[in-house]
Enquirer: 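Please read through the structure below; I'll follow up with questions.
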Amino acid sequence: MSLYNRTSSMPVSSLKKAVAHTFDAIRQKKPIIYQIMNNAMMNQTGNATVHIGAKSLMAHAVEEVEDMVSLADALAIDSSTLTGPWIQGMQLVGQCANDKKIPIVFDPILFGATTYNTEAVLQLLNSLDIAILIGNSSELKHIYNATAYMQGAESVTDVLDPSQIVRQLAQKRNGKTIVALNGQKNYVSDGHRVVIIKNHCERLNQLVGMGCVVSALMACFAGVTNDYLVAAVGGFAVMGVCAEQATFNASVHGTASFQVALFDQLSTLTGSELESLMHIDLIDN
Ligand SMILES: Nc1ncnc2c1ncn2[C@@H]1O[C@H](COP(=O)(O)OP(=O)(O)OP(=O)(O)O)[C@@H](O)[C@H]1O
Ligand SMILES: Cc1ncsc1CCO
């Protein structure tokens with residue numbers, strides 16, 4: 001049985017409407033998003049959360065994560081700037097979230113880069129139900145291969161099609177996890193359907209940690225819907241649309257002012273603007 005409610009087979013226009021409607025619900029319901037983010041990006045992920053109308057909660061001590069997660073509507077965790085207690089806190093918060101049916105968005109940042117990171121991420125992936133797994137192509141390919149290695153299956157290194165990576169990885173998670181791939185185009189799959197989110201802006205590549213911000217945005221959506229495909233598409237769409245719109249801002253003179261304009265867009269975007277500006281394709285198998 002899947003953890004999330006699958007949006008029944010729907011045309012692109014209905015998916016856009018569902019994303020826009022869910023975005024408006026964030027501003028109305030103000031879900032509480034508990035984030036254990038790397039300490040390079042806490043400020044930006046917390047602010048992005050608040051700008052789109054949700055509430056942000058952050059705490060890392062193993063002694064308090066259990067109390068904190070009880071307050072939350074969704075959880076966003078990632079795997080960079082790890083320490084021993086940090087990993088212990090994430091493991092505990094993840095188990096509590098699963099017990100309380102609070103959705104988890106997980107960004108396995110740097111997976112495959114060090115043995116320490118790889119072991120920590122595998123432990124989290126193997127022990128927790130993850131609603132949305134979001135990563136870049138390196139992270140997701142390494143996860144696919146690590147899972148393949150453990151299951152004695154073939155490697156994915158020669159599978160270059162991003163839509164296959166997200167679909168196959170979602171299938172490996174037995175339909176319990178929506179898999180989302182960051183890049184110039186963004187891909188989301190539930191193991192059957194693949195959604196391609198095409199809104200993007202080259203300047204995003206010059207800012208650190210925008211994937212972390214996208215994962216916080218996805219958690220905001222997951223805090224108000226249990227259709228996690230819609231939540232994952234929504235996070236990418238909000239980032240892509242706001243980045244595109246920020247480039248039209250006359251006060252943008254470089255990357256730093258672009259970031260300010262991007263965060264301004266997050267605070268002013270409406271559901272109807274999101275619906276009309278989002279550019280997505282759907283492959284339904
Ligand atoms: N070449 C690109 N052109 C345009 N947009 C991009 C490009 N690469 C990434 N993006 C956008 O930047 C955002 C973050 O993606 P990125 O690939 O930087 O994630 P990441 O490497 O996982 O980030 P993080 O460092 O936070 O883990 C996404 O919304 C994505 O669409
Ligand atoms: C820039 C940076 N350094 C450590 S984590 C992080 C953000 C996610 O890549």
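Please read all numbers here as calculations on a predicted model, not as lab measurements. All ligand and atom numbering here is 1-based and tracks the order in the structure.
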Enquirer: Restricting to pairs with a member in residues 235-248, which pass side chain to side chain donor-acceptor pair (under 3.5 Å), not counting sequence neighbours?
Expert: Asn199-Glu244
Enquirer: Considering non-hydrogen atoms of the protein only, which is the closest contact for atom 8 (C) of ligand 2, and what is the distance?
Expert: Cys212 SG, 3.6 Å
Enquirer: What atoms in ligand 2 come closer than 4.0 Å to a heavy atom of Val208?
Expert: 1 (C)
Enquirer: Taking the side chain as everything from C-beta on, heavy atoms only, tell me whether Leu124 gets closer than 4.5 Å to Met90.
Expert: yes
Enquirer: I need the nearest protein heavy-atom contact for atom 9 (O) of ligand 2: residue, atom name and distance, please.
Expert: Ile109 CG2, 4.0 Å
Enquirer: Please list the nearest protein heavy atom to atom 5 (S) of ligand 2 with its residue and the distance rounded to 0.1 Å.
Expert: Ser80 OG, 3.1 Å
Enquirer: Using side-chain heavy atoms (C-beta onward) and a distance below 4.5 Å, is Phe236 in contact with Met218?
Expert: yes
Enquirer: Could you check atom 3 (N) of ligand 2 against the protein and tell me its nearest heavy-atom contact, residue, atom and distance included?
Expert: Ala40 CB, 4.0 Å
Enquirer: Has Lys198 got more than 12 heavy atoms of other residues, nucleotides or ligands less than 6.0 Å from its NZ?
Expert: yes
Enquirer: Report yes if the side chains of Ile197 and Val188 come closer than 4.5 Å at any heavy-atom pair, otherwise no.
Expert: yes
Enquirer: Pairwise, report which nitrogen or oxygen atoms of ligand 1 are under 3.5 angstrom from protein nitrogen or oxygen atoms, and how far apart they are.
Expert:
| residue | atom | partner | partner atom | Å |
| --- | --- | --- | --- | --- |
| ligand 1 | 1 (N) | Asn205 | ND2 | 3.2 |
| ligand 1 | 5 (N) | Cys201 | O | 3.4 |
| ligand 1 | 8 (N) | Asn205 | OD1 | 3.4 |
| ligand 1 | 10 (N) | Gly183 | O | 3.4 |
| ligand 1 | 19 (O) | Asn182 | ND2 | 3.0 |
| ligand 1 | 21 (O) | Asn136 | ND2 | 3.2 |
| ligand 1 | 22 (O) | Asn182 | ND2 | 3.0 |
| ligand 1 | 23 (O) | Gly211 | N | 3.4 |
| ligand 1 | 26 (O) | Gly209 | O | 3.4 |
| ligand 1 | 26 (O) | Gly211 | N | 3.0 |
| ligand 1 | 26 (O) | Cys212 | N | 2.9 |
| ligand 1 | 31 (O) | Gly183 | O | 2.8 |
| ligand 1 | 31 (O) | Asn186 | OD1 | 2.9 |
| ligand 1 | 31 (O) | Asn186 | ND2 | 3.0 |

Enquirer: Using atom types as modelled, flag every donor-acceptor pair under 3.5 Å from a side chain in residues 48-64 to any protein atom, sequence neighbours excluded.
Expert:
| residue | atom | partner | partner atom | Å |
| --- | --- | --- | --- | --- |
| Thr49 | OG1 | Gln35 | NE2 | 2.7 |
| Thr49 | OG1 | Thr45 | O | 2.7 |
| His51 | ND1 | Asn47 | O | 3.1 |

Enquirer: According to a hydrophobic-cluster definition based on side-chain heavy atoms being under 4.5 Å apart (Ile, Leu, Val, Met, Phe, Trp, Tyr only), do Val208 and Ile134 belong together?
Expert: yes
Enquirer: If hydrophobic residues (ILVMFWY) are linked whenever their side-chain heavy atoms come closer than 4.5 Å, directly or via other members, who joins Ile109 in its cluster?
Expert: Leu110
Enquirer: Contact between Val179 and Tyr187 at the side-chain level, heavy atoms closer than 4.5 Å - yes or no?
Expert: no
Enquirer: Under 4.0 Å from a heavy atom of Met41: which atoms of ligand 2 are those, numbered in the order shown and with their elements?
Expert: 7 (C)
